[in-house]
Trainee: 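Here it is, the structure, as structure tokens.
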Amino acid sequence: MSNLSLRNIKKVYPGDVVAVRDFNLEIEDKEFIVLVGPSGCGKTTTLRMIAGLEEITEGEIFIGDQLVNNIHPKDRDIAMVFQNYALYPHMSVYQNMAFGLKLRKMDKAEIDSRVRNAADILEIESLLDRKPKALSGGQRQRVALGRAMVRDPKVFLMDEPLSNLDAKLRVQMRTEIAKLHKRLNTTFIYVTHDQTEAMTMGTRIVIMKDGDIQQVGSPQFVYDNPVNVFVASFIGSPQMNILQGRVIENSGKIAVELLNGNIVNLSSEKEERLTKAGYLGKDILIGIRPENLHETEVDPLLDNYSTLTSVVEVAELMGSETYLYLAMLDEKIVAKVDPKTKKRADDQVELRVHWNRIHLFDKETEKAIT
């Protein structure tokens, strides 16, 4: 079993710098967990504590049923793939992949079998005699994966393994790593700052900020139900629009009046939620994802919608869609609309948003109003 349990993990560096604070997570056998967040949020430090490369200040880490706090990295039965590949430049691909097995005094025939099997899976059989300097970035990444695979570890740890690749190759390698997870059928823990990687690869994602876990869940659940403004803004591209408004009563219904005077109506469930929580007459934040703003002339909603009026500052034609960057007084918003739109800079535009596609947040705490 390759389940992991991280219990009350804390990491404090000299100078009382807290990198990770009270990290709790149960990782099931064969899961693909992605730790995601901005630079400095503690995700790599967490991964290195699991690997044994960083000492734990407080807390306990279990791999299976074994407490591994004081177990040497080489004895934890994990394999790590680093951001910079960490290949030995003087060794061939074959020697790089076999090196860890040789240190374990494994039989030569078994080493050869494992290396060639991994090379076959990763489609690098023709590269086994080359040195790393003769490889492309994508090929080096495959070798680094192969070196981890041959160990047949309980857990794979990956620290931003695609960050040095160009955009096209990143997409390809994302797919390859996802296929590799299914084929190896073991536990993967993957660190990235790229929310697209997190959304497309993880069975669950862990969003971190300033050493704290903000939310854990499936990519779709987190996307649909962000617990606070940080998660709402971090997950999704372009990021969610966050607007200020005041909860008012409008024609017998509870609504939100935006700074520019637009009235945003709400579903009955959201009306009841705001009323029960005592938000009538108070300022709140509302969130609307760019793809949930529909231009009335091209892609109209038929019912249960609110209309926002604004002026286009920039129109970006992307081929399959168009991004409209809009000004609403001092607030900037983005709408991802149909490519057939004729709206360009300085045009007035009407956009509709369905009542069920609006997120509500407390202005002071920035937590979702639930």
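Since the structure is predicted, the reported quantities are computational estimates derived from the model, not experimental observations.
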Trainee: Charged N to carboxylate O under 4.0 angstrom, R204 versus E31?
Mentor: yes

Trainee: Compute the centroid of each ring, for H354 and then for Y305, and state whether the two points are separated by less than 6.0 Å.
Mentor: no

Trainee: With rounding to the nearest 0.5 Å, note down the distance linking CD1 in I63 to CG in N3.
Mentor: 10.0 Å

Trainee: Apply side-chain hydrogen bond (donor to acceptor under 3.5 Å, both in side chains) to Q239 and list each qualifying residue two or more places apart in sequence or on a separate chain.
Mentor: none

Trainee: So does E58 pair up with K11, basic N to acidic O under 4.0 Å?
Mentor: no

Trainee: Count the heavy atoms of every other residue, nucleotide or ligand shown that sit under 6.0 Å from CG of D75, and state whether that count exceeds 12.
Mentor: yes

Trainee: Could you tell me which non-hydrogen atom of R273 sits nearest to which non-hydrogen atom of T370, and how far apart they are?
Mentor: CD-CA, 3.7 Å

Trainee: Suppose we screen for side-chain hydrogen bond (donor to acceptor under 3.5 Å, both in side chains). Which residues come up paired with E110, at least two apart in sequence or across chains?
Mentor: R114

Trainee: Taking all atoms of both residues into account, what is the closest heavy-atom pair of W355 and K270, and its distance?
Mentor: O-NZ, 3.9 Å

Trainee: Assess the residue pair V264 and I358 against the criterion (side-chain contact (heavy atoms from CB on, under 4.5 Å)); give the C-alpha distance rounded to whole Å, side-chain angles, the decisive distance to 0.1 Å, and a yes or no.
Mentor: CA-CA 9 Å; V264 178; I358 293 167; 3.2 Å; yes

Trainee: For the residue pair L6 and I50, establish whether any side-chain heavy-atom pair is separated by less than 4.5 Å.
Mentor: yes

Trainee: Any carboxylate oxygen within less than 4.0 angstrom of a Lys/Arg side-chain nitrogen, looking at E197 and R170?
Mentor: yes

Trainee: Go through the steps for Q141 and L162 under the test side-chain contact (heavy atoms from CB on, under 4.5 Å), then give the verdict.
Mentor: CA-CA 8 Å; Q141 187 58 74; L162 308 184; 4.3 Å; yes

Trainee: Do the non-hydrogen side-chain atoms of L317 and R344 ever get within less than 4.5 Å of each other?
Mentor: yes

Trainee: Looking at every non-hydrogen atom in both residues, tell me the closest pair between V222 and V216 and how far apart they are.
Mentor: CG2-C, 4.3 Å

Trainee: Does M240 sit in a hydrophobic cluster with other residues, and if so which ones, taking ILVMFWY side chains as linked at heavy-atom separations under 4.5 Å, directly or through other members?
Mentor: V229, I242, L285, F361

Trainee: Does V68 offer a backbone N or O that forms a donor-acceptor pair with the side chain of R76 under 3.5 Å?
Mentor: yes

Trainee: Whether K253 and E249 form a salt bridge (side-chain N of Lys/Arg under 4.0 Å from carboxylate O of Asp/Glu) is what I want to check.
Mentor: no

Trainee: Could you give me the CA-CA distance, side-chain angles and deciding distance for E331 and L259, then say whether side-chain contact (heavy atoms from CB on, under 4.5 Å) is met?
Mentor: CA-CA 9 Å; E331 298 181 310; L259 294 181; 3.9 Å; yes

Trainee: For V12, is there any backbone N or O sitting under 3.5 Å from a side-chain donor or acceptor partner on T57?
Mentor: yes

Trainee: Show every donor-acceptor pair shorter than 3.5 Å between a side-chain atom in residues 94-103 and any protein atom, with sequence neighbours excluded, or say none if there are none.
Mentor:
{"residue": "Y94", "atom": "OH", "partner": "D112", "partner atom": "OD1", "Å": "2.7"}
{"residue": "Q95", "atom": "OE1", "partner": "S92", "partner atom": "N", "Å": "2.8"}
{"residue": "Q95", "atom": "OE1", "partner": "S92", "partner atom": "OG", "Å": "3.4"}
{"residue": "N96", "atom": "OD1", "partner": "Y88", "partner atom": "N", "Å": "2.7"}
{"residue": "N96", "atom": "ND2", "partner": "Y88", "partner atom": "O", "Å": "3.1"}
{"residue": "N96", "atom": "ND2", "partner": "M91", "partner atom": "O", "Å": "3.3"}
{"residue": "N96", "atom": "ND2", "partner": "S92", "partner atom": "O", "Å": "3.1"}

Trainee: Would you say the side chain of V36 lies within less than 4.5 Å of the side chain of V206, judging by non-hydrogen atoms?
Mentor: no

Trainee: Taking D29 for the side chain and S2 for the main chain, is one N or O donor matched with an acceptor at less than 3.5 Å?
Mentor: yes

Trainee: After noting the C-alpha distance and the side-chain angles of T341 and E295, does the key distance pass the side-chain hydrogen bond (donor to acceptor under 3.5 Å, both in side chains) rule?
Mentor: CA-CA 8 Å; T341 182; E295 189 192 346; 2.5 Å; yes

Trainee: Short question: side chain of R21, backbone of D210 - any donor-acceptor pair under 3.5 Å?
Mentor: yes

Trainee: Hey, does the side chain of R140 reach the backbone of P132 with a donor-acceptor pair shorter than 3.5 angstrom?
Mentor: yes

Trainee: Other members of the hydrophobic cluster containing V334, with the 4.5 Å side-chain heavy-atom rule, please.
Mentor: V314, M318, Y323, Y325

Trainee: Among side-chain atoms of E26 and S5, is any donor-acceptor pair under 3.5 angstrom?
Mentor: yes

Trainee: Looking at T186, is its backbone amide N or carbonyl O close enough to the side chain of H181 to form a donor-acceptor pair, meaning the two atoms are under 3.5 Å apart?
Mentor: yes

Trainee: Run the numbers on K343 and E297 for salt bridge (charged side-chain N to carboxylate O under 4.0 Å, His left out), then give the verdict.
Mentor: CA-CA 10 Å; K343 297 299 181 183; E297 296 176 16; 3.4 Å; yes

Trainee: What's the spacing between D77 CG and D152 CG if we round to 0.5 Å?
Mentor: 7.5 Å

Trainee: Got a second to check how far R104's CZ is from I111's CD1, nearest 0.5 Å?
Mentor: 10.5 Å

Trainee: Is there a donor-acceptor pair closer than 3.5 Å between any side-chain N or O of N84 and the backbone N or O of P161?
Mentor: no

Trainee: Let me confirm one number: the CG-OG distance from L351 to S306, rounded to the nearest 0.5 Å.
Mentor: 12.0 Å

Trainee: Determine whether a donor-acceptor pair (N or O, by modelled atom type, separation under 3.5 Å) exists between the side chain of N241 and the backbone of I288.
Mentor: yes

Trainee: Nearest heavy-atom pair of E271 and L266: which atoms, and what distance?
Mentor: OE2-O, 3.7 Å

Trainee: Between I254 and V247, is there a side-chain heavy-atom distance shorter than 4.5 Å?
Mentor: yes

Trainee: Is any side-chain heavy atom of F23 less than 4.5 Å from a side-chain heavy atom of V20?
Mentor: yes

Trainee: Starting from the C-alpha separation in whole Å, work towards a yes-or-no answer on side-chain contact (heavy atoms from CB on, under 4.5 Å) for K131 and H90.
Mentor: CA-CA 7 Å; K131 298 284 179 66; H90 61 287; 5.5 Å; no

Trainee: Taking E316 for its side chain and T322 for its backbone only, find out whether a donor-acceptor pair lies under 3.5 Å.
Mentor: no

Trainee: For N228, check side-chain hydrogen bond (donor to acceptor under 3.5 Å, both in side chains) against everything at least two apart and list the hits.
Mentor: Q214

Trainee: Looking at side-chain heavy atoms only, is the closest gap between I189 and I27 below 4.5 Å?
Mentor: yes

Trainee: With no hydrogens and no angle check, just 3.5 Å: does a side-chain donor-acceptor pair link Q83 and S163?
Mentor: yes

Trainee: I'd like to know if D362 pairs up with K367 as an ion pair, taking the criterion as any Lys NZ or Arg NE/NH1/NH2 lying under 4.0 Å from an Asp or Glu carboxylate oxygen.
Mentor: no

Trainee: Report, as yes or no, whether the 6.0 Å neighbourhood of atom CD on E269 holds more than 12 heavy atoms from other residues, nucleotides or ligands.
Mentor: yes

Trainee: If you apply the rule side-chain hydrogen bond (donor to acceptor under 3.5 Å, both in side chains), what do you find for Q139 with Y85, and how did you get there?
Mentor: CA-CA 10 Å; Q139 290 170 335; Y85 319 133; over 6 Å; no

Trainee: Closer than 4.0 angstrom, basic N to acidic O: yes or no for K340 and D338?
Mentor: yes

Trainee: Check for a donor-acceptor pair, side chain of R48 on one end and backbone N or O of E54 on the other, with a separation under 3.5 Å.
Mentor: no

Trainee: With a 6.0 Å cut-off (strictly less than), is the heavy-atom count around CZ of R289, excluding the residue itself, greater than 12?
Mentor: yes

Trainee: Measure across A255 and N250 and return the closest heavy-atom pair with its distance rounded to 0.1 Å.
Mentor: CB-CB, 4.2 Å

Trainee: Compare every heavy atom of P219 with every heavy atom of A198, then report the nearest pair and how far apart it is.
Mentor: O-CG, 4.0 Å

Trainee: Can you tell if the side chain of F82 reaches within under 4.5 Å of the side chain of M158, non-hydrogen atoms only?
Mentor: no

Trainee: Does any part of the side chain of R147, heavy atoms only, come nearer than 4.5 Å to the side chain of V81, both counted from C-beta?
Mentor: no

